[in-house]
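Each ligand, and each atom within it, is numbered from 1 in the order the structure gives. Numbering of residues begins at 1 and proceeds along the displayed sequence.
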Amino acid sequence: MTEFYPNIPKIRYEGSKSKNPLSFRFYNPEEVIAGKTMRDHLRFAMSYWHTMVAEGTDIFGSGTIDKKYGATDPLEQAKNKARASFELMDKLDIDFFCFHDRDIAPEGATLEESNKNLDAIADVLEEGMKKYNKKLLWGTANLFSNRRYMNGAGTSPNADVFAYAAAQIKKALEVTVRLGGEGYVFWGGREGYETLLNTDMAFEQANMARLMRMTVDYGRSIGFTGDFYIEPKPKEPMKHQYDFDVATVMAFLKTYGLEKDFKMNVEANHATLAQHTFQHELRVAAINGAFGSVDANRGDTLLGWDTDQFPTDVYDSTLAMYEIIKAGGFTKGGLNFDSKARRASNAPEDVFYSYISGMDCFALGLKMAYKLIEDGRIDNFVSDRYATFKEGIGAKIVAGEVSMADLEKYALEKGEVKAQSGRQELLESILNDILFG
Ligand code: XLS
Ligand code: CA
Ligand code: CA
(Lines give C-alpha, C1' and ligand atoms only; values in the text may rest on other atoms or scores of the structure.)
(Ligands and ions follow the chains in the order given, each with its own letter.)
Protein backbone atom coordinates (compact mmCIF):
# COMPACT_ATOMS: atom_id res chain seq x y z
CA MET A 1 0.00 0.00 0.00
CA THR A 2 1.33 3.48 -0.91
CA GLU A 3 2.20 5.62 2.06
CA PHE A 4 1.43 9.30 1.59
CA TYR A 5 3.33 10.50 4.66
CA PRO A 6 6.24 8.02 4.73
CA ASN A 7 8.43 10.17 6.99
CA ILE A 8 5.82 10.57 9.71
CA PRO A 9 5.57 7.95 12.45
CA LYS A 10 2.47 7.31 14.55
CA ILE A 11 2.24 10.25 16.95
CA ARG A 12 2.27 9.14 20.58
CA TYR A 13 1.93 10.80 23.95
CA GLU A 14 5.38 11.33 25.44
CA GLY A 15 4.60 13.77 28.25
CA SER A 16 5.45 17.43 28.79
CA LYS A 17 9.21 16.86 29.08
CA SER A 18 9.48 15.46 25.55
CA LYS A 19 11.32 17.56 22.98
CA ASN A 20 10.20 15.33 20.11
CA PRO A 21 8.16 17.62 17.82
CA LEU A 22 6.29 14.60 16.48
CA SER A 23 4.80 13.64 19.86
CA PHE A 24 1.94 14.80 22.05
CA ARG A 25 3.06 16.61 25.17
CA PHE A 26 -0.41 17.01 26.72
CA TYR A 27 -2.89 14.95 24.70
CA ASN A 28 -2.92 11.54 26.28
CA PRO A 29 -5.99 9.95 24.63
CA GLU A 30 -6.66 7.26 27.25
CA GLU A 31 -6.02 9.42 30.31
CA VAL A 32 -9.18 9.68 32.37
CA ILE A 33 -10.31 13.10 33.56
CA ALA A 34 -13.51 13.37 35.59
CA GLY A 35 -14.58 9.87 34.63
CA LYS A 36 -14.04 10.20 30.88
CA THR A 37 -11.02 9.68 28.64
CA MET A 38 -9.49 12.71 26.99
CA ARG A 39 -10.41 11.11 23.68
CA ASP A 40 -14.09 11.08 24.64
CA HIS A 41 -14.05 14.56 26.12
CA LEU A 42 -12.43 16.16 23.09
CA ARG A 43 -13.75 14.15 20.12
CA PHE A 44 -11.17 15.63 17.74
CA ALA A 45 -12.03 15.83 14.07
CA MET A 46 -10.05 16.57 10.92
CA SER A 47 -11.45 19.11 8.46
CA TYR A 48 -11.16 17.53 5.02
CA TRP A 49 -11.20 20.87 3.16
CA HIS A 50 -8.25 22.52 4.86
CA THR A 51 -6.22 19.41 5.52
CA MET A 52 -6.72 17.32 2.41
CA VAL A 53 -7.75 19.90 -0.20
CA ALA A 54 -6.46 23.44 0.41
CA GLU A 55 -3.26 24.16 -1.47
CA GLY A 56 -2.35 27.43 0.21
CA THR A 57 -3.78 29.75 -2.42
CA ASP A 58 -4.66 33.30 -1.49
CA ILE A 59 -5.88 36.24 -3.58
CA PHE A 60 -2.30 37.20 -4.41
CA GLY A 61 -0.90 33.82 -5.28
CA SER A 62 -1.39 30.25 -6.36
CA GLY A 63 -0.90 27.10 -4.35
CA THR A 64 2.24 26.40 -2.34
CA ILE A 65 1.32 22.96 -1.03
CA ASP A 66 1.12 19.78 -3.08
CA LYS A 67 -2.30 18.16 -2.64
CA LYS A 68 -2.27 16.01 -5.78
CA TYR A 69 -1.71 12.70 -3.99
CA GLY A 70 0.29 11.31 -6.90
CA ALA A 71 -2.57 11.41 -9.44
CA THR A 72 -3.76 13.67 -12.25
CA ASP A 73 -7.21 12.25 -13.04
CA PRO A 74 -9.64 14.06 -10.67
CA LEU A 75 -11.44 10.91 -9.54
CA GLU A 76 -8.17 9.00 -8.97
CA GLN A 77 -6.90 11.99 -7.06
CA ALA A 78 -10.04 11.99 -4.90
CA LYS A 79 -9.56 8.29 -4.15
CA ASN A 80 -5.93 8.79 -3.16
CA LYS A 81 -6.90 11.82 -1.10
CA ALA A 82 -9.39 9.68 0.80
CA ARG A 83 -6.75 7.00 1.40
CA ALA A 84 -4.25 9.64 2.54
CA SER A 85 -6.83 11.08 4.93
CA PHE A 86 -7.04 7.79 6.82
CA GLU A 87 -3.27 7.49 7.03
CA LEU A 88 -3.18 11.01 8.46
CA MET A 89 -6.00 10.42 10.97
CA ASP A 90 -4.44 7.13 11.98
CA LYS A 91 -1.01 8.67 12.54
CA LEU A 92 -2.50 11.56 14.53
CA ASP A 93 -4.95 9.36 16.45
CA ILE A 94 -7.89 11.54 15.34
CA ASP A 95 -11.19 9.65 15.53
CA PHE A 96 -13.47 11.83 13.40
CA PHE A 97 -13.52 13.84 10.20
CA CYS A 98 -15.82 16.42 8.56
CA PHE A 99 -16.33 17.23 4.88
CA HIS A 100 -18.18 19.22 2.26
CA ASP A 101 -19.49 17.11 -0.63
CA ARG A 102 -17.12 18.83 -3.07
CA ASP A 103 -14.07 18.26 -0.85
CA ILE A 104 -14.33 14.52 -1.12
CA ALA A 105 -15.35 14.18 -4.78
CA PRO A 106 -14.95 16.42 -7.82
CA GLU A 107 -17.95 18.26 -9.21
CA GLY A 108 -18.92 16.70 -12.56
CA ALA A 109 -20.26 18.33 -15.74
CA THR A 110 -23.80 17.56 -14.56
CA LEU A 111 -25.47 17.05 -11.20
CA GLU A 112 -25.88 13.39 -12.07
CA GLU A 113 -22.15 13.01 -12.68
CA SER A 114 -21.33 14.86 -9.43
CA ASN A 115 -23.61 12.47 -7.55
CA LYS A 116 -21.93 9.48 -9.21
CA ASN A 117 -18.51 10.80 -8.18
CA LEU A 118 -19.75 11.18 -4.62
CA ASP A 119 -20.99 7.60 -4.52
CA ALA A 120 -17.66 6.33 -5.84
CA ILE A 121 -15.72 8.18 -3.12
CA ALA A 122 -18.21 7.19 -0.43
CA ASP A 123 -17.21 3.59 -1.24
CA VAL A 124 -13.54 4.42 -0.54
CA LEU A 125 -14.42 6.35 2.62
CA GLU A 126 -16.62 3.55 3.90
CA GLU A 127 -13.81 1.07 3.43
CA GLY A 128 -11.26 3.35 5.17
CA MET A 129 -13.61 4.06 8.06
CA LYS A 130 -14.02 0.33 8.71
CA LYS A 131 -10.33 -0.44 8.39
CA TYR A 132 -9.11 2.42 10.60
CA ASN A 133 -12.13 2.71 12.91
CA LYS A 134 -12.81 6.35 12.02
CA LYS A 135 -16.13 8.17 12.21
CA LEU A 136 -17.83 11.01 10.43
CA LEU A 137 -18.54 13.90 12.82
CA TRP A 138 -20.52 15.84 10.25
CA GLY A 139 -21.10 16.33 6.57
CA THR A 140 -22.22 19.39 4.64
CA ALA A 141 -22.75 20.66 1.10
CA ASN A 142 -20.56 23.26 -0.53
CA LEU A 143 -23.17 25.81 -1.65
CA PHE A 144 -20.80 28.72 -2.14
CA SER A 145 -17.90 27.89 -4.52
CA ASN A 146 -19.69 27.34 -7.82
CA ARG A 147 -20.66 30.55 -9.69
CA ARG A 148 -24.33 29.51 -9.66
CA TYR A 149 -24.28 30.32 -5.93
CA MET A 150 -22.86 33.82 -6.30
CA ASN A 151 -26.13 35.31 -4.94
CA GLY A 152 -26.55 32.63 -2.28
CA ALA A 153 -28.14 29.18 -2.40
CA GLY A 154 -31.18 28.98 -0.12
CA THR A 155 -31.36 32.78 -0.24
CA SER A 156 -30.75 33.11 -3.98
CA PRO A 157 -33.27 35.30 -5.84
CA ASN A 158 -33.45 32.52 -8.46
CA ALA A 159 -35.74 29.55 -7.80
CA ASP A 160 -33.64 27.28 -10.04
CA VAL A 161 -30.63 27.91 -7.81
CA PHE A 162 -32.74 27.12 -4.75
CA ALA A 163 -33.78 23.84 -6.39
CA TYR A 164 -30.18 22.96 -7.31
CA ALA A 165 -29.07 23.67 -3.74
CA ALA A 166 -31.85 21.46 -2.38
CA ALA A 167 -30.79 18.66 -4.70
CA GLN A 168 -27.18 19.02 -3.59
CA ILE A 169 -28.12 18.99 0.11
CA LYS A 170 -30.32 15.93 -0.45
CA LYS A 171 -27.37 14.00 -1.84
CA ALA A 172 -24.89 15.28 0.76
CA LEU A 173 -27.30 14.22 3.48
CA GLU A 174 -27.70 10.77 1.92
CA VAL A 175 -23.92 10.31 1.86
CA THR A 176 -23.71 11.58 5.46
CA VAL A 177 -26.33 9.03 6.54
CA ARG A 178 -24.65 6.25 4.57
CA LEU A 179 -21.36 6.97 6.39
CA GLY A 180 -23.06 7.09 9.81
CA GLY A 181 -22.45 10.84 10.22
CA GLU A 182 -23.35 12.20 13.65
CA GLY A 183 -24.16 15.66 12.37
CA TYR A 184 -25.04 17.79 9.37
CA VAL A 185 -23.96 21.44 9.16
CA PHE A 186 -25.45 24.52 7.57
CA TRP A 187 -22.87 27.23 7.32
CA GLY A 188 -24.20 30.37 5.64
CA GLY A 189 -21.75 30.46 2.74
CA ARG A 190 -23.16 33.24 0.58
CA GLU A 191 -26.49 33.33 2.45
CA GLY A 192 -26.49 37.06 3.04
CA TYR A 193 -26.32 40.17 0.91
CA GLU A 194 -24.12 42.97 -0.32
CA THR A 195 -26.70 45.74 -0.83
CA LEU A 196 -30.35 46.23 0.09
CA LEU A 197 -30.79 47.99 -3.26
CA ASN A 198 -31.25 44.54 -4.82
CA THR A 199 -32.40 42.45 -1.87
CA ASP A 200 -35.71 41.35 -0.33
CA MET A 201 -34.32 40.39 3.06
CA ALA A 202 -37.57 39.07 4.55
CA PHE A 203 -38.24 36.85 1.53
CA GLU A 204 -34.68 35.49 1.48
CA GLN A 205 -34.76 34.57 5.16
CA ALA A 206 -38.15 32.88 4.83
CA ASN A 207 -36.78 30.86 1.90
CA MET A 208 -33.74 29.83 3.94
CA ALA A 209 -36.11 28.58 6.64
CA ARG A 210 -38.08 26.64 3.99
CA LEU A 211 -34.90 24.93 2.82
CA MET A 212 -33.88 24.07 6.37
CA ARG A 213 -37.30 22.66 7.21
CA MET A 214 -37.19 20.49 4.04
CA THR A 215 -33.71 19.28 4.94
CA VAL A 216 -34.70 18.29 8.47
CA ASP A 217 -37.84 16.51 7.26
CA TYR A 218 -35.97 14.67 4.52
CA GLY A 219 -33.08 13.76 6.84
CA ARG A 220 -35.41 12.28 9.44
CA SER A 221 -37.33 10.41 6.71
CA ILE A 222 -34.15 8.60 5.59
CA GLY A 223 -33.15 7.67 9.12
CA PHE A 224 -30.74 10.47 10.03
CA THR A 225 -30.61 10.50 13.83
CA GLY A 226 -27.72 12.95 14.15
CA ASP A 227 -27.80 16.64 15.01
CA PHE A 228 -28.42 19.45 12.56
CA TYR A 229 -26.21 22.47 13.17
CA ILE A 230 -26.01 26.06 12.07
CA GLU A 231 -22.56 27.61 12.10
CA PRO A 232 -22.84 31.36 12.65
CA LYS A 233 -20.48 33.78 10.90
CA PRO A 234 -20.92 37.55 10.65
CA LYS A 235 -19.22 38.33 7.33
CA GLU A 236 -17.04 36.90 4.57
CA PRO A 237 -17.76 36.11 1.86
CA MET A 238 -20.87 38.35 2.09
CA LYS A 239 -20.84 41.76 3.74
CA HIS A 240 -23.93 40.85 5.76
CA GLN A 241 -24.42 37.18 6.59
CA TYR A 242 -27.87 36.19 7.86
CA ASP A 243 -26.36 33.87 10.47
CA PHE A 244 -24.28 36.67 12.05
CA ASP A 245 -23.78 35.17 15.52
CA VAL A 246 -25.43 32.68 17.87
CA ALA A 247 -27.95 35.21 19.18
CA THR A 248 -29.01 36.22 15.65
CA VAL A 249 -29.34 32.58 14.64
CA MET A 250 -31.44 31.80 17.73
CA ALA A 251 -33.83 34.62 16.82
CA PHE A 252 -34.04 33.29 13.24
CA LEU A 253 -34.72 29.73 14.43
CA LYS A 254 -37.41 30.89 16.84
CA THR A 255 -39.07 33.08 14.21
CA TYR A 256 -39.43 30.10 11.90
CA GLY A 257 -40.16 27.42 14.52
CA LEU A 258 -36.88 25.60 13.87
CA GLU A 259 -35.33 25.97 17.34
CA LYS A 260 -35.95 22.35 18.30
CA ASP A 261 -34.33 21.07 15.13
CA PHE A 262 -30.98 22.87 15.18
CA LYS A 263 -28.01 23.27 17.48
CA MET A 264 -24.94 25.46 17.04
CA ASN A 265 -21.60 24.64 15.56
CA VAL A 266 -19.58 27.45 17.13
CA GLU A 267 -16.39 28.45 15.34
CA ALA A 268 -13.77 30.32 17.35
CA ASN A 269 -12.65 32.60 14.54
CA HIS A 270 -16.25 33.43 13.55
CA ALA A 271 -16.90 34.52 17.13
CA THR A 272 -14.01 36.97 17.01
CA LEU A 273 -15.10 38.26 13.58
CA ALA A 274 -18.46 39.05 15.22
CA GLN A 275 -16.47 40.92 17.89
CA HIS A 276 -17.35 38.38 20.53
CA THR A 277 -15.11 36.07 22.47
CA PHE A 278 -15.23 32.37 21.69
CA GLN A 279 -16.55 31.82 25.24
CA HIS A 280 -19.35 34.32 24.68
CA GLU A 281 -20.66 32.42 21.68
CA LEU A 282 -20.41 29.10 23.51
CA ARG A 283 -22.27 30.54 26.50
CA VAL A 284 -25.06 32.00 24.34
CA ALA A 285 -25.49 28.61 22.67
CA ALA A 286 -25.52 26.82 26.03
CA ILE A 287 -28.06 29.08 27.73
CA ASN A 288 -30.36 28.64 24.76
CA GLY A 289 -30.08 24.85 24.98
CA ALA A 290 -28.38 24.86 21.58
CA PHE A 291 -24.77 23.92 22.29
CA GLY A 292 -23.73 21.27 19.79
CA SER A 293 -20.29 21.23 18.23
CA VAL A 294 -17.18 23.35 17.78
CA ASP A 295 -14.93 24.42 14.92
CA ALA A 296 -11.67 25.07 16.72
CA ASN A 297 -9.27 27.61 15.29
CA ARG A 298 -8.24 31.18 15.88
CA GLY A 299 -8.03 34.42 13.98
CA ASP A 300 -5.25 36.93 14.11
CA THR A 301 -5.73 39.99 16.29
CA LEU A 302 -4.29 42.23 13.57
CA LEU A 303 -6.27 40.80 10.66
CA GLY A 304 -10.00 41.21 10.24
CA TRP A 305 -10.66 38.12 8.17
CA ASP A 306 -11.15 34.41 8.58
CA THR A 307 -7.55 33.22 8.90
CA ASP A 308 -8.52 29.77 10.28
CA GLN A 309 -5.23 29.34 12.14
CA PHE A 310 -4.55 26.37 14.34
CA PRO A 311 -5.31 27.21 17.98
CA THR A 312 -2.36 27.60 20.35
CA ASP A 313 -3.70 30.02 22.95
CA VAL A 314 -4.20 28.09 26.19
CA TYR A 315 -6.19 30.89 27.84
CA ASP A 316 -8.70 30.61 25.05
CA SER A 317 -8.85 26.81 25.00
CA THR A 318 -9.20 26.73 28.81
CA LEU A 319 -12.11 29.16 28.82
CA ALA A 320 -13.69 27.40 25.84
CA MET A 321 -13.39 23.99 27.51
CA TYR A 322 -14.82 25.51 30.70
CA GLU A 323 -17.92 26.53 28.71
CA ILE A 324 -18.12 23.17 26.97
CA ILE A 325 -17.90 21.23 30.24
CA LYS A 326 -20.52 23.49 31.84
CA ALA A 327 -22.76 22.90 28.81
CA GLY A 328 -22.58 19.16 29.58
CA GLY A 329 -19.75 18.28 27.19
CA PHE A 330 -20.06 16.91 23.68
CA THR A 331 -22.73 14.36 22.87
CA LYS A 332 -22.87 14.06 19.07
CA GLY A 333 -20.60 17.02 18.45
CA GLY A 334 -16.85 17.35 18.76
CA LEU A 335 -13.83 19.57 18.22
CA ASN A 336 -13.30 19.94 14.52
CA PHE A 337 -10.07 21.66 13.55
CA ASP A 338 -11.42 24.00 10.89
CA SER A 339 -7.85 25.22 10.69
CA LYS A 340 -5.09 25.25 8.15
CA ALA A 341 -1.33 25.44 8.25
CA ARG A 342 -0.07 28.79 6.95
CA ARG A 343 0.59 29.18 3.24
CA ALA A 344 4.34 29.21 3.87
CA SER A 345 4.16 26.05 6.01
CA ASN A 346 4.09 23.90 2.93
CA ALA A 347 5.90 20.69 3.87
CA PRO A 348 3.91 17.52 4.64
CA GLU A 349 5.18 17.50 8.24
CA ASP A 350 3.77 21.00 8.82
CA VAL A 351 0.24 19.65 8.87
CA PHE A 352 1.29 17.19 11.60
CA TYR A 353 2.98 19.90 13.67
CA SER A 354 -0.20 21.96 13.26
CA TYR A 355 -2.55 19.25 14.51
CA ILE A 356 -0.22 18.27 17.33
CA SER A 357 -0.09 21.84 18.61
CA GLY A 358 -3.86 22.29 18.25
CA MET A 359 -4.65 19.00 19.97
CA ASP A 360 -2.15 19.67 22.77
CA CYS A 361 -3.63 23.16 23.19
CA PHE A 362 -7.13 21.75 23.74
CA ALA A 363 -5.85 18.89 25.91
CA LEU A 364 -4.23 21.51 28.14
CA GLY A 365 -7.41 23.57 27.99
CA LEU A 366 -9.42 20.55 29.15
CA LYS A 367 -7.09 19.92 32.09
CA MET A 368 -6.99 23.57 33.08
CA ALA A 369 -10.77 23.94 32.82
CA TYR A 370 -11.21 21.08 35.30
CA LYS A 371 -8.61 22.71 37.55
CA LEU A 372 -10.67 25.89 37.42
CA ILE A 373 -13.82 24.02 38.32
CA GLU A 374 -12.17 22.01 41.13
CA ASP A 375 -10.55 25.13 42.52
CA GLY A 376 -14.02 26.63 42.80
CA ARG A 377 -12.95 30.22 43.52
CA ILE A 378 -14.34 31.59 40.29
CA ASP A 379 -17.61 29.63 40.37
CA ASN A 380 -18.10 30.58 44.01
CA PHE A 381 -17.46 34.22 43.25
CA VAL A 382 -20.09 34.23 40.53
CA SER A 383 -22.60 32.49 42.74
CA ASP A 384 -21.95 34.89 45.66
CA ARG A 385 -22.22 37.87 43.35
CA TYR A 386 -25.95 37.19 42.95
CA ALA A 387 -26.51 36.34 46.63
CA THR A 388 -28.99 39.19 47.14
CA PHE A 389 -31.41 37.34 44.86
CA LYS A 390 -31.35 34.26 47.08
CA GLU A 391 -33.29 35.71 49.99
CA GLY A 392 -35.37 38.68 51.03
CA ILE A 393 -36.48 41.08 48.33
CA GLY A 394 -34.27 39.40 45.68
CA ALA A 395 -35.91 36.01 46.19
CA LYS A 396 -39.32 37.68 45.89
CA ILE A 397 -38.29 39.33 42.57
CA VAL A 398 -37.20 35.98 41.18
CA ALA A 399 -40.42 34.31 42.35
CA GLY A 400 -42.51 37.05 40.71
CA GLU A 401 -44.06 37.95 44.06
CA VAL A 402 -43.49 41.71 44.03
CA SER A 403 -44.95 44.59 42.02
CA MET A 404 -43.30 47.84 40.92
CA ALA A 405 -45.11 49.56 43.79
CA ASP A 406 -43.68 47.02 46.30
CA LEU A 407 -40.19 47.66 44.95
CA GLU A 408 -40.67 51.41 45.15
CA LYS A 409 -41.73 51.10 48.80
CA TYR A 410 -38.70 48.87 49.49
CA ALA A 411 -36.26 51.26 47.76
CA LEU A 412 -37.67 54.30 49.58
CA GLU A 413 -37.22 52.60 52.93
CA LYS A 414 -33.81 51.09 52.13
CA GLY A 415 -32.07 54.27 50.96
CA GLU A 416 -28.82 54.22 48.90
CA VAL A 417 -27.48 50.81 47.86
CA LYS A 418 -23.95 49.50 48.33
CA ALA A 419 -21.96 49.49 45.02
CA GLN A 420 -20.39 46.05 45.05
CA SER A 421 -17.00 45.42 43.38
CA GLY A 422 -16.91 43.14 40.33
CA ARG A 423 -13.30 42.15 41.22
CA GLN A 424 -12.24 41.55 37.62
CA GLU A 425 -8.51 41.99 38.30
CA LEU A 426 -8.59 39.64 41.27
CA LEU A 427 -10.39 37.01 39.19
CA GLU A 428 -7.90 37.38 36.34
CA SER A 429 -5.04 36.81 38.75
CA ILE A 430 -6.83 33.76 40.18
CA LEU A 431 -7.03 32.44 36.63
CA ASN A 432 -3.26 32.89 36.21
CA ASP A 433 -2.73 31.24 39.55
CA ILE A 434 -4.72 28.19 38.44
CA LEU A 435 -3.01 28.02 35.05
CA PHE A 436 0.58 28.56 36.15
CA GLY A 437 0.63 28.22 39.95
C1 XLS B 1 -16.19 28.94 6.58
C2 XLS B 1 -16.76 27.88 7.40
C3 XLS B 1 -16.92 26.55 6.71
C4 XLS B 1 -17.86 25.66 7.47
C5 XLS B 1 -18.39 24.52 6.69
O6 XLS B 1 -15.79 29.99 7.06
O7 XLS B 1 -15.98 27.79 8.55
O8 XLS B 1 -15.70 25.95 6.48
O9 XLS B 1 -17.27 25.16 8.64
O10 XLS B 1 -19.04 24.91 5.55
CA1 CA C 1 -16.13 26.36 10.19
CA1 CA D 1 -13.96 29.77 9.20
Does D93 pair with K10 as a salt bridge, N-O distance under 4.0 Å?
-> no
Heteroatom of D306 nearest to the Ca ion (ligand 3) (N, O or S, atom name) | OD2
D308: which N/O/S atom is nearest the Ca ion (ligand 3)?
-> OD1
Charged N to carboxylate O below 4.0 Å: is that the case for K233 and E267?
-> no
With sequence neighbours left out, which residue pairs that include part of residues 215-232 fulfil the salt bridge (Lys or Arg N to Asp or Glu O under 4.0 Å) condition?
-> R213-D217, D227-K263
Taking all heavy atoms of E281 and all of A271, pick out the closest pair and write down the distance.
-> CG-CB, 3.5 Å
In E267, the N/O/S atom nearest the Ca ion (ligand 2) carries the name OE1
D295 backbone or side-chain N/O/S under 3.0 Å from the Ca ion (ligand 2) | yes
What N/O/S atom of D338 is the closest to the Ca ion (ligand 2)?
-> OD2
Electrostatic pair E3-K91, nearest N-O below 4.0 angstrom = yes
Salt bridge (Lys or Arg N to Asp or Glu O under 4.0 Å) contacts touching residues 314-342 (sequence neighbours left out) | R283-E323, K326-D379
For ligand 1, what N or O to protein N or O distances fall under 3.5 Å?
| residue | atom | partner | partner atom | Å |
| --- | --- | --- | --- | --- |
| ligand 1 | 6 (O) | K233 | NZ | 2.9 |
| ligand 1 | 6 (O) | H270 | NE2 | 3.2 |
| ligand 1 | 6 (O) | D306 | OD2 | 2.9 |
| ligand 1 | 7 (O) | E231 | OE2 | 2.8 |
| ligand 1 | 7 (O) | E267 | OE1 | 2.8 |
| ligand 1 | 7 (O) | H270 | NE2 | 3.4 |
| ligand 1 | 7 (O) | D338 | OD2 | 2.8 |
| ligand 1 | 8 (O) | W49 | NE1 | 3.3 |
| ligand 1 | 8 (O) | D338 | OD2 | 3.3 |
| ligand 1 | 9 (O) | E231 | OE1 | 2.6 |
| ligand 1 | 9 (O) | E231 | OE2 | 3.0 |
| ligand 1 | 9 (O) | D295 | OD2 | 3.1 |
| ligand 1 | 9 (O) | D338 | OD2 | 3.2 |
| ligand 1 | 10 (O) | H100 | NE2 | 2.7 |

Taking all heavy atoms of F86 and all of V124, pick out the closest pair and write down the distance.
-> CE1-O, 4.3 Å
Between K170 and E174, is there a salt bridge with N-O shorter than 4.0 Å?
-> yes
Shortest-distance N/O/S atom, E231 versus the Ca ion (ligand 2) = OE2
Only distances under 3.5 Å count here; give the side-chain donor-acceptor pairs of residues 192-199 to other protein atoms, sequence neighbours excluded, each with its distance to 0.1 Å.
| residue | atom | partner | partner atom | Å |
| --- | --- | --- | --- | --- |
| E194 | OE2 | K239 | N | 3.2 |
| T195 | OG1 | L197 | N | 3.0 |
| T199 | OG1 | T195 | O | 2.8 |

